[in-house]
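Order of the sequence lines sets the chain letters (A, B, ...), proteins ahead of strands, with each chain counted from 1.
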Number of protein chains: 2
Amino acid sequence: MTAHLPHTLRSDARDNRARILDSARAVFAEEGLAAPVRQVARHAGVGPATLYRHFPTKRDLIAATFAEQQRACRAVIREAVADPDPWHGFRSLIEGICELHAHSRGFADAFMASFPEAVDFDADREQSLRAASELARRAQEAGRLRPGFVVDDLILVLMAHRGVQDMPPDTRLAASRRFAAYMIDAFRATP
Amino acid sequence: MTAHLPHTLRSDARDNRARILDSARAVFAEEGLAAPVRQVARHAGVGPATLYRHFPTKRDLIAATFAEQQRACRAVIREAVADPDPWHGFRSLIEGICELHAHSRGFADAFMASFPEAVDFDADREQSLRAASELARRAQEAGRLRPGFVVDDLILVLMAHRGVQDMPPDTRLAASRRFAAYMIDAFRATP
DNA sequence: AGCCAACCGGACGGGGGCGTCCGTTACGGT
DNA sequence: ACCGTAACGGACGCCCCCGTCCGGTTGGCT
């Protein structure tokens with residue numbers, strides 16, 4: 001049995017951990033998960049060893065870094081599904097996820113598991129997809145979403161959207177929104 | 001003045017060069033430009049030094065590897081522009097470029113210069129964009145392409161399409177075509 | 001056949017990223 | 001104020017990738 005260590009970190013350790021997570025969010029958001037761990041450490045004003053003590057592997061760091069974004073993503077999906085107008089919900093879902101991904105390349109990378117070593121978002125993704133599928137079905141029944149749409153198309157959008165993130169940083173957000181708008185247009189049913 | 005070397009390589013050298021280019025096409029197509037040069041050499045059954053003698057830098061190898069694809073790309077654009085029906089030409093252009101990019105991740109990478117060290121396709125891209133812009137204008141005047149379309153949207157499509165290439169190899173082509181179809185739908189004018 | 005040059009490829013150096021070790025620092029309880 | 005211990009961080013080893021060097025090999029011309 002593992003003797004459980006004290007749940008209270010020393011003040012400096014707690015401070016450093018917080019700064020590391022903030023830095024990880026900033027660095028990974030800007031440069032994606034390809035950014036070196038040392039750069040996160042430098043950004044946090046901390047030695048590499050300190051970072052590795054708090055997060056033994058890069059995977060752990062990524063998981064901790066994007067736990068919040070993951071919650072936000074779940075919230076977006078929950079709200080979209082709860083929308084009384086399924087087509088409006090569907091649009092909100094696409095716009096919302098794209099917005100989240102646009103604000104952090106790293107989160108988009110982790111979510112799409114484009115990095116094989118990235119954190120395991122599979123369970124979440126599976127569940128989200130199921131919910132989205134339900135929403136899409138209702139939107140189709142309402143005659144607003146084109147009948148040909150399948151859930152895999154949502155993955156298609158997300159994969160494609162990840163490619164948009166490789167544009168120059170100052171145009172990323174606008175490009176992301178424009179892309180989302182086009183895709184929604186493509187998914188709209190033609191009466 | 002540089003004394004010009006004989007334009008005829010020795011038979012084994014010529015053979016190796018050809019095998020290297022074939023291997024480069026195969027490897028870069030499958031794994032993108034991130035694939036190590038040594039892997040190309042191994043695939044060709046050749047030592048690294050031999051490869052580097054024929055192509056002093058990775059950039060050179062990439063340039064030589066995709067010269068043919070680049071010509072194919074120019075041809076696609078030329079034919080699209082020459083199409084008497086500008087909207088049909090516009091669709092052909094998107095489908096054609098996507099198809100080319102779908103058949104080789106490496107070419108897509110090189111074309112979009114997502115790799116900073118990649119070959120300089122800028123001149124080509126600029127010229128192609130100008131031609132595409134002309135085609136788009138005519139398609140808009142014909143009332144088939146939506147008025148809001150701008151040339152940057154073509155770049156948007158290509159960047160997004162590059163993201164689609166990160167899907168599993170067996171689904172790439174289908175996903176690419178489906179994506180192209182959706183984007184064309186989104187660009188279609190709504191009367 | 002014989003020779004020379006062109007060619008080949010294993011081995012090397014340089015750089016960068018991930019994760020680890022150990023001597024030093026500083027928190028916090030007494 | 002003191003001391004034990006948790007925490008820190010510079011330096012290290014390891015691996016992978018790019019590009020180079022040199023001794024051995026082979027093509028092709030006489």
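At least one side-chain nitrogen or oxygen of T57(A) sits closer than 4.0 Å to the OP1 or OP2 atom of dG19(C).
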Next on the checklist: Could you walk me through whether E134(A) and R130(A) satisfy the salt bridge (Lys or Arg N to Asp or Glu O under 4.0 Å) test, starting with their C-alpha distance in whole Å, then the side-chain angles of each, then the deciding distance to 0.1 Å, before giving a yes or no?
Outcome noted: CA-CA 6 Å; E134(A) 229 290 296; R130(A) 214 182 311 274; over 6 Å; no

Next on the checklist: The test is ring-ring contact (aromatic ring centres under 6.0 Å, His included); show your working for F187(A) and Y182(B) and say whether it passes.
Outcome noted: CA-CA 8 Å; F187(A) 289 150; Y182(B) 272 131; 4.8 Å; yes

Next on the checklist: The test is side chain to side chain contact (heavy atoms under 4.5 Å, CB included); show your working for I97(B) and L100(B) and say whether it passes.
Outcome noted: CA-CA 5 Å; I97(B) 296 183; L100(B) 276 173; 5.6 Å; no

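If you take CG of D60(B) and P of dT20(D), they are 11 Å apart, rounded to a whole angstrom. Distance R59(A) CZ to dG19(C) C1': 16 Å, rounded to the nearest Å. Taking atom CD of Q39(B) as the reference point, atom P of dC18(D) lies 10 Å away to the nearest angstrom. The distance from atom CG of L9(A) to atom P of dC8(D) is 8 Å, rounded to the nearest whole Å.
Here dA11(D) is the nucleotide among dC7(C), dA11(D), dC17(D) with the atom lying nearest to any side-chain atom of R38(A). When each of dG27(D), dA7(D), dC18(D) is scored by its nearest atom to the side-chain atoms of V37(B), the top-ranked nucleotide is dC18(D).
Applying the 3.5 Å distance criterion, the base of dA6(D) shares a donor-acceptor pair with the side chain of R10(A).
Side chain of R19(B) to backbone of A44(B): a donor-acceptor contact under 3.5 angstrom is found. A distance-only check finds no donor-acceptor pair linking the side chain of Q165(B) to the backbone of A108(B) [under 3.5 Å].
A residue-by-residue look at S11(B) and A35(B) shows that A35(B) has its nearest nucleotide of DNA chain D further toward the 5' end. Checking P36(A) against N16(B), the closest nucleotide of DNA chain C that is more toward the 5' end is the one next to N16(B).
Side chain to side chain, H161(B) and S176(B) meet the donor-acceptor criterion of an N or O pair below 3.5 Å.
Using a 4.0 Å cut-off on heavy atoms, the residues of residues 43-55 of chain B that approach DNA chain D are A49(B), Y52(B), listed by number.
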